[in-house]
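In what follows, every heavy atom counts, from backbone to side chain, and hydrogens, waters and symmetry copies are set aside.
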Amino acid sequence: PLHDLGKVAIPDSVLLKPGKLTEAEMTIMKTHAKSGWDMLRRTAEHMGAEGSEYLQFGMQIARWHHERWDGTGYPDRLAGEAIPLAARLMAVADVYDALLSRRPYKEPMSQAEVCAYIEASAGNHFDPVVVEAFFAAIDQLRAVADRWKDEPVQDEPIRISVHG
């Protein structure tokens with residue numbers, strides 16, 4: 001749940017933009033990885049040893065889940081096993097969820113399209129062993145994705161009544 005924590009530091013004009021981001025906007029968006037890592041690092045400093053293992057994994061995931069197996073990711077251009085395993089796992093899970101989900105700038109892809117993309121990205125974007133593990137658990141992942149898939153937006157206004 002903490003992998004995109006740093007997005008709280010991204011202006012809504014960039015985060016919720018309905019179209020493709022400009023190069024400058026993408027530079028801003030990429031700062032979310034280090035921002036999330038820094039927020040969790042400061043939290044860990046305040047907590048001391050209590051909860052530090054959980055936060056260490058959270059920090060790894062927040063900072064490096066956009067690194068790519070081939071070294072072309074961000075923020076540190078790590079490659080291969082230099083990317084912590086927790087971040088390599090989150091990279092696949094994050095892309096799986098993002099491609100299946102509706103976003104302000106795109107419609108969701110089908111399960112088949114998403115799986116084809118992940119399979120084709122093994123060895124460049126993703127750790128091939130993590131992709132193999134992903135497909136070993138695909139039935140369970142599909143069940144979770146189906147349970148939590150985006151619902152169509154309702155056109156009816158929300159009515160709130162306050163009784164006092």
Side-chain angles (χ1 to χ4, degrees), residues 1-10 12 14-17 21 25-47 50-150:
L2 299 175
H3 80 283
D4 275 338
L5 174 67
K7 285 187 176 179
V8 301
I10 304 299
D12 283 350
V14 173
L15 191 62
L16 303 175
K17 183 177 177 180
L21 299 179
E25 291 166 333
M26 193 60 185
T27 298
I28 292 167
M29 181 64 87
K30 287 180 178 181
T31 65
H32 84 276
K34 280 187 179 177
S35 293
W37 171 83
D38 191 50
M39 290 177 208
L40 293 173
R41 179 189 56 78
R42 285 182 283 158
T43 301
E45 287 173 1
H46 288 297
M47 291 181 67
E50 197 174 316
S52 65
E53 183 179 4
Y54 175 75
L55 285 174
Q56 291 300 316
F57 284 122
M59 288 166 55
Q60 291 173 8
I61 290 167
R63 183 166 183 142
W64 295 303
H65 72 282
H66 286 292
E67 297 291 356
R68 294 173 58 110
W69 186 251
D70 64 8
T72 62
Y74 66 89
D76 299 313
R77 299 184 65 87
L78 299 181
E81 293 184 3
I83 305 165
L85 178 59
R88 286 183 268 150
L89 292 165
M90 181 54 72
V92 176
D94 188 37
V95 168
Y96 178 70
D97 177 62
L99 294 178
L100 284 175
S101 300
R102 180 173 286 104
R103 297 287 192 253
Y105 52 86
K106 71 163 203 63
E107 288 298 311
M109 292 171 69
S110 71
Q111 283 276 351
E113 290 170 315
V114 173
C115 288
Y117 176 85
I118 290 173
E119 183 176 31
S121 299
N124 53 39
H125 190 159
F126 306 121
D127 176 345
V129 174
V130 171
V131 171
E132 190 176 316
F134 168 84
F135 282 109
I138 193 63
D139 291 337
Q140 294 93 328
L141 296 169
R142 280 186 178 139
V144 171
D146 287 342
R147 180 171 180 217
W148 294 101
K149 73 180 171 184
D150 295 332

Walk me through whether C115 and R142 qualify under side-chain contact (heavy atoms from CB on, under 4.5 Å). CA-CA 10 Å; C115 288; R142 280 186 178 139; 3.8 Å; yes

Among F134, Y117, F126, which one satisfies ring-ring contact (aromatic ring centres under 6.0 Å, His included) with Y96? F134

Please find the pair of heavy atoms, one from [X] and one from [Y], that lie closest to each other, and give the distance.
X    : Y    : value
I28  : I10  : O-CD1, 3.2 Å
G36  : A62  : C-CB, 4.0 Å
L100 : V114 : CD2-CG2, 3.7 Å

Taking the six-membered ring for Trp and the single ring otherwise, decide whether the centroids of H32 and H3 are under 6.0 Å apart. no

Just so I know, are the side chains of [X] and [Y] near enough to count as touching, which here means a heavy-atom distance under 4.5 Å?
X   : Y    : answer
E67 : P75  : yes
L89 : D127 : no
M39 : V8   : yes
L15 : M29  : yes
R88 : H65  : no
L99 : P108 : no
L40 : L2   : yes

Would [X] and [Y] pass as an ion pair if we require N to O under 4.0 Å?
X    : Y    : answer
R102 : E107 : yes
D38  : K34  : no
D76  : R63  : yes

So, W69 and N124: side-chain donor and acceptor under 3.5 Å apart, yes or no? no

Could you tell me if D70 and H125 have a donor-acceptor pair between their side chains, going purely by distance under 3.5 Å? no

Spacing of [atom1] belonging to [X] relative to [atom2] belonging to [Y], to within rounding of 0.5 Å:
X    : Y    : atom1 : atom2 : value
W148 : D97  : CH2   : CG    : 12.0 Å
M26  : L21  : CE    : CG    : 6.5 Å
I138 : Q111 : CD1   : CD    : 6.0 Å
K7   : S35  : NZ    : OG    : 12.0 Å

Run the numbers on I118 and F135 for side-chain contact (heavy atoms from CB on, under 4.5 Å), then give the verdict. CA-CA 9 Å; I118 290 173; F135 282 109; 4.2 Å; yes

Run the numbers on Q60 and L85 for side-chain contact (heavy atoms from CB on, under 4.5 Å), then give the verdict. CA-CA 9 Å; Q60 291 173 8; L85 178 59; over 6 Å; no

Residues H66, D94; criterion side-chain contact (heavy atoms from CB on, under 4.5 Å); working and verdict: CA-CA 9 Å; H66 286 292; D94 188 37; 3.8 Å; yes

So, does K106 use its side chain to make a donor-acceptor pair with the main chain of S101 at under 3.5 Å? yes

Would the number of heavy atoms belonging to other residues, nucleotides or ligands and lying under 6.0 Å from OH of Y74 be above 12? yes

